[in-house]
Amino acid sequence: MSLIPVGVLGTGKYVPDRILTNKELESMVETNDEWIVTRTGIRERRIAADNQATSDLCYEAALKALDSAGITADQLDLIIVATITPDMAFPSTACILQEKLGAKKAAAFDLSAACSGFVYGLANATNFISTGMYKYALVIGADSLSKITDYTDRNTCILFGDGAGAVVIGQVPEGRGFQSFELGADGTGGPLLKIEGGGSRNPASHTSVDQRLHYIYMAGAEVFKFAVRIMGNAADEALRKAGWDKSDIDLLVPHQANTRIIQSSLNRLELSEDKCMINIDKYGNMSAASIPVALAEAVEQGRLQEGDRVVLVGFGGGLTWGASAIVW
Ligand code: UT7
C-alpha cells in the first residue's frame, strides 16, 4: 500500500493575557531574576485566568489553525489534544473541544505524553491520514501548568507557563510533509517528574491535598541530564530515518524547557542559534504547548519557507521523547 504524504496545512497559537514576571516571583519564593535568567533563560510566563481551562486555550489556538489551513471545523475527521492538564478526568479535553468547535464528525481523544505529547500526537494523526482513513486532523499541544504548580516550590514554580499550539494536518504534495518520526519512552524515569495525587493510586482526599500531591514534583537535575542526552539522540534518529544530515536542518523547533538544554542540542547538532526557535524567555516551559507554539511563531515571523527542512524535538515526563523531520 502506498502511503499518502502528510504535512502541516495550518498553524495557530494562544497564550493567556496575564504575564507573571520573574520580579513577581521574587515576592512569592526565595529566588531572583538573575538566577532564573542565567539558569533557565526564562523572563516571564503566561498564566491562565481562574475561569480558563485547557479546552479554552485549545479553542483559541484551534480557530487560528483552522483559519490558516482554510478549512472549517466540520471538515475535521480527528481531534487529538496532547495534555497533562485536561479540564477534568473525563470527558476528554478533545471531546470538550469538539463540542465547542462544532466538529461534529471528528473522532476525539486526549493523549498523555507530557512535554513530548505534541510530537506523539502528530505521529498518531499522520498514520490515520497517510493510510487514507482520515483526511483532516487537528493536533493540539496544550497545558495549563499554572493550575498544577506549587507556587511555594522554587524548584518548579519559576519554570512553568500556560498556552496552546495547534496544527491542522492533511495531504501535501509528494516530497513534502513528515519524513520521519522518532518516539520513545523510558518508564524507569517516571518517578523523576510526576503528579501523584488525583489518580487511582492516590485518589483525591484531604490527606492527598494536605501532602500537596496534586502539584508537579520534579527532580530537576536528573531530568536535566536526561534531557541533554535524549534531545540529541532523538533528533539524530529522526535525521537518520529521514536520510538527512545535521547540515540539512533549516530550522530546529525544540521543546522549551531550559535555554541550557536547547544550547546543548544546538552544539550536538552543530547548528547556530539563528537556526533555532527560542521563545522560552517569553513563555517558560508550557509542556505539550511549547513546540507547537514555537512552530506557530516561526510561521508568524516568516521563518519557514516552502521546502525548508524542519526538525521538532522534545522530551518530558514518562519519561518520553519525540522528534520529527518535516519538509515544510
Ligand atoms: O519539560 C520537562 C521538565 N523539566 C525540565 O526540563 C527541567 C530540567 N531541569 C532544569 O532545567 C534545571 O535542573 C533547573 C532549572 C530546574 C534547576 O537548575 P540547576 O542548575 O539544575 O540547579 P539545581 O537544582 O542543581 O540547584 C542549584 C542551586 C541549589 O542551591 P544549593 O543547594 O546549591 O545551595 C538550589 O537550591 O540553586 C538553588 N535553586 C534556586 N535558587 C534561586 C533552585 N531553584 C532556585 C530558584 N532560585 N528558583
Side-chain angles (χ1 to χ4, degrees), residues 20-46 82-85 111-120 141-146 148-165 184-187 189-195 215-235 253-266 277-281 283-294 312-323:
L20 175 63
T21 63
N22 290 351
K23 199 87 203 140
E24 283 174 86
L25 282 164
E26 285 181 6
S27 65
M28 296 160 68
V29 288
E30 185 66 40
T31 190
N32 59 76
D33 177 57
E34 201 251 330
W35 190 95
I36 301 173
V37 172
T38 53
R39 304 309 291 167
T40 72
I42 302 166
R43 294 182 184 277
E44 56 187 46
R45 63 291 287 143
R46 299 302 179 103
T83 188
I84 52 163
T85 47
L111 190 156
S112 176
C115 310
S116 315
F118 178 70
V119 180
Y120 265 67
D143 270 305
S144 310
L145 293 181
S146 68
I148 54 166
T149 294
D150 182 350
Y151 285 96
T152 66
D153 176 11
R154 72 174 183 174
N155 292 301
T156 53
C157 75
I158 54 132
L159 297 172
F160 301 126
D162 303 338
D186 176 6
L192 300 177
L193 189 49
K194 62 184 175 182
I195 293 182
Y215 291 127
I216 298 174
Y217 165 83
M218 183 178 72
E222 281 84 354
V223 175
F224 188 95
K225 279 182 227 147
F226 160 76
V228 165
R229 177 170 54 82
I230 212 66
M231 290 280 275
N233 290 355
V253 184
H255 174 47
Q256 312 278 314
N258 188 316
T259 38
R260 290 183 290 141
I261 296 172
I262 295 173
Q263 200 54 56
S264 82
S265 309
L266 289 176
M277 276 307 291
I278 302 178
N279 59 10
I280 188 173
D281 52 321
Y283 305 129
N285 179 348
M286 299 183 288
S287 186
S290 281
I291 292 176
V293 167
L312 315 182
V313 60
F315 69 94
L319 298 168
T320 53
W321 59 91

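Ligands are counted one by one from 1 in listed order, and the atoms in each one are counted from 1 as well. Worth knowing before you read on, the calculation uses all heavy atoms, side chains too, and leaves out hydrogens, waters and symmetry mates.
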Quick one: which ligand 1 atoms are inside 4.0 Å of a heavy atom on [X]?
| X | result |
| --- | --- |
| N285 | 1 (O), 2 (C), 3 (C) |
| A221 | 13 (O) |
| L193 | 3 (C) |
| R39 | 20 (O) |
| R260 | 18 (O), 19 (P), 20 (O) |
| T40 | 15 (C) |
| M218 | 3 (C), 4 (N), 5 (C), 7 (C), 16 (C) |
| C115 | 1 (O), 2 (C) |

Using a distance threshold of 4.0 Å (strictly less than), state whether [atom] has a protein heavy-atom neighbour.
| atom | answer |
| --- | --- |
| atom 14 (C) of ligand 1 | no |
| atom 40 (C) of ligand 1 | yes |
| atom 23 (P) of ligand 1 | no |
| atom 31 (P) of ligand 1 | no |
| atom 18 (O) of ligand 1 | yes |
| atom 4 (N) of ligand 1 | yes |

Next on the checklist: Assess the residue pair F226 and L319 against the criterion (side chain to side chain contact (heavy atoms under 4.5 Å, CB included)); give the C-alpha distance rounded to whole Å, side-chain angles, the decisive distance to 0.1 Å, and a yes or no.
Outcome noted: CA-CA 9 Å; F226 160 76; L319 298 168; 3.7 Å; yes
[X] side, atom [atom1]; [Y] side, atom [atom2] - distance, nearest 0.5 Å:
| X | Y | atom1 | atom2 | answer |
| --- | --- | --- | --- | --- |
| T40 | D281 | OG1 | CG | 10.0 Å |
| Y217 | L192 | OH | CG | 7.5 Å |
| I148 | I216 | CD1 | CD1 | 4.0 Å |
| W35 | R154 | CH2 | CZ | 7.5 Å |

Item to check | Residue pair I280 / N258: nearest heavy atoms and the distance that separates them | outcome: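 Smallest interatomic distance, heavy atoms only, reads CD1-N, 3.4 Å.
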Item to check | Part of I36 within contact of ligand 1 (heavy atoms, under 4.0 Å) | outcome: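 It is neither part, as no heavy atom is under 4.0 Å.
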Checklist entry - Taking non-hydrogen atoms only, is T31 closer than 4.0 angstrom to ligand 1 via side chain, backbone, both or neither? => result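 Contact part for T31 vs ligand 1: both backbone and side chain.
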Checklist entry - When you measure from the side chain of D143 to the backbone N and O of A288, does any donor-acceptor pair fall under 3.5 Å? => result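 Pair found, side chain donor or acceptor close to backbone of A288.
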Checklist entry - Which option, L159, N155, T320, owns the non-hydrogen atom nearest atom 43 (C) of ligand 1? => result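 Looking at heavy atoms only, N155 sits closest to atom 43 (C) of ligand 1.
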Next on the checklist: My understanding is that we take every heavy atom of each candidate and find the minimum distance to atom 42 (C) of ligand 1. Doing that for F160, F226, W35, which one comes out nearest?
Outcome noted: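 The residue whose heavy atom sits nearest atom 42 (C) of ligand 1 is W35.
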Using a 4.5 Å cut-off on heavy atoms from C-beta on, say whether the side chain of [Y] contacts that of [X].
| X | Y | value |
| --- | --- | --- |
| T156 | Y215 | no |
| M28 | L20 | yes |
| M277 | I291 | no |

Checklist entry - Is any N or O atom of R154, backbone or side chain, closer than 3.5 Å to an N or O atom of ligand 1? => result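 Between R154 and ligand 1, an N or O pair is found under 3.5 Å apart.
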Checklist entry - With the threshold set at 4.0 Å, does a side-chain nitrogen-carboxylate oxygen contact exist between E222 and K225? => result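 Not counted as a salt bridge, because no side-chain N and carboxylate O are separated by less than 4.0 Å.
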Item to check | Taking atom 2 (C) of ligand 1 as the reference point, the nearest protein heavy atom with its distance | outcome: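 Result: F315 CE1, 3.5 Å.
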Checklist entry - Considering only protein heavy atoms, which is closest to atom 9 (N) of ligand 1, and at what distance to one decimal place? => result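 Here the closest protein heavy atom is G220 O, 3.0 Å.
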Item to check | Verdict with supporting geometry, V119 and W321, side chain to side chain contact (heavy atoms under 4.5 Å, CB included) | outcome: CA-CA 8 Å; V119 180; W321 59 91; over 6 Å; no
Item to check | Enclosure of E34 CD (heavy-atom neighbours >12, cutoff 6.0 Å) | outcome: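 Open: at most 12 neighbouring heavy atoms sit under 6.0 Å from CD of E34.
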